[in-house]
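Structure record follows, encoded as structure tokens.
Atom set for the values below is all heavy atoms of this structure, side chains included, hydrogens, waters and symmetry mates excluded.
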Amino acid sequence: YSCSGFTGNLNIPNSVTSIGNYAFYNCNGFTGNLNIPNSVTSIGDYAFYRCYNFTSLSFEENSKLKTIGSSAFGSIYMYSELIIPNSVTSIGSGAFSSNNFSRVICYSTSPASFTGDNSIFTSSTIYVPAVSVEAYKAAWKKDASRFNANGLPTFLGGDIHNVNNW
């Protein structure tokens, strides 16, 4: 799978409900923000793998996204903030690996289930509601143990309505 000839912004129409496996694999000509519309309910394995020229990744408000596949956003080398939609119920192995988000925010008090052998994130501080820190650590064991063992980012809890004070 290889993608060439695409440059500039990627605008996904609101009519799209699913982004398939390998849909934009290795499409590194895209630049700007990658905005996933709220109509998308699933993102397949390796869908945006190695699309490393995007400057940010965001999910539209009122997202219906349920599933993020394995390595879906792996190796995109993102350095912006990432907010995981509350609607997400399943995240695949390495879904956001090889990225260094400035911070990852999960507002949901119930962590999405994690499938696979690798961690979800490579190195990012993960902010979750204070009442859910232990639930996230239990659900995302690969991230929790790796972060603690290597002194990498940890799960931080706080006032979910005032993330800037974390």
Side-chain angles (χ1 to χ4, degrees), residues 1-122 124 126-129 132 135-136 138-143 155 160-161 163:
Y1 303 96
S2 187
C3 179
S4 62
F6 291 106
T7 59
N9 293 315
L10 173 60
N11 297 309
I12 300 170
N14 285 330
S15 57
V16 173
T17 58
S18 180
I19 299 172
N21 295 343
Y22 298 92
F24 296 98
Y25 181 90
N26 207 26
C27 290
N28 52 33
F30 291 121
T31 58
N33 182 43
L34 171 55
N35 182 48
I36 306 297
N38 61 15
S39 59
V40 173
T41 60
S42 66
I43 299 172
D45 296 346
Y46 295 89
F48 295 96
Y49 186 80
R50 297 201 67 222
C51 292
Y52 50 78
N53 285 322
F54 285 115
T55 55
S56 64
L57 167 63
S58 61
F59 299 94
E60 234 175 45
E61 257 186 75
N62 301 313
S63 176
K64 295 173 185 72
L65 184 62
K66 296 285 184 201
T67 305
I68 300 173
S70 295
S71 296
F73 298 99
S75 296
I76 58 175
Y77 309 113
M78 195 70 58
Y79 297 99
S80 63
E81 175 179 276
L82 174 66
I83 298 175
I84 304 289
N86 288 347
S87 58
V88 174
T89 58
S90 177
I91 299 177
S93 181
F96 298 96
S97 62
S98 296
N99 291 295
N100 189 20
F101 294 102
S102 59
R103 62 182 173 186
V104 175
I105 300 170
C106 303
Y107 288 107
S108 178
T109 55
S110 300
S113 66
F114 169 66
T115 57
D117 297 329
N118 295 318
S119 61
I120 300 169
F121 301 98
T122 301
S124 298
I126 304 170
Y127 295 88
V128 301
S132 304
Y136 273 87
W140 298 356
K141 288 181 181 137
K142 291 283 186 178
D143 285 295
F155 292 88
I160 63 170
H161 300 292
V163 172

[Y] backbone acceptor or donor facing [X] side chain under 3.5 Å:
X	Y	result
Thr41	Thr17	yes
Ser98	Ser75	no
Asn86	Ser108	yes
Ser87	Lys66	no
Thr55	Gly32	yes
Asn21	Asp45	yes
Asn28	Asn53	no

Pairwise distance [atom1]([X]) to [atom2]([Y]) - rounded to 0.5 angstrom:
X	Y	atom1	atom2	result
Ile91	Ile68	CD1	CD1	5.0 Å
Ile19	Ile36	CD1	CD1	4.5 Å
Phe114	Ser93	CZ	OG	5.0 Å
Thr31	Tyr52	OG1	OH	13.0 Å
Asn33	Ser56	CG	OG	3.0 Å
Ser63	Ile83	OG	CD1	11.5 Å

Query raised in the report: Is there side-chain contact between Glu60 and Asn35, with heavy atoms separated by less than 4.5 Å?
Result: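 Yes, at least one pair of side-chain atoms sits under 4.5 Å.
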Query raised in the report: So do Val104 and Phe96 actually touch side chain to side chain, heavy atoms under 4.5 Å?
Result: no
How close do [X] and [Y] get, counting heavy atoms only, and between which atoms?
X	Y	result
Ala47	Gly20	CB-O, 3.7 Å
Cys106	Tyr136	CB-OH, 3.3 Å
Glu61	Asn38	O-ND2, 3.2 Å

Classify the ring geometry between [X] and [Y] as parallel (under 30°), tilted (30 to 60°) or perpendicular (over 60°).
X	Y	value
Tyr22	Tyr25	tilted
Phe54	Phe48	perpendicular
Phe73	Phe59	perpendicular

Query raised in the report: Which residues satisfy the side chain to side chain donor-acceptor pair (under 3.5 Å) test with Ser18, sequence neighbours excluded?
Result: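 By the side chain to side chain donor-acceptor pair (under 3.5 Å) rule, Ser18 matches Ser42.
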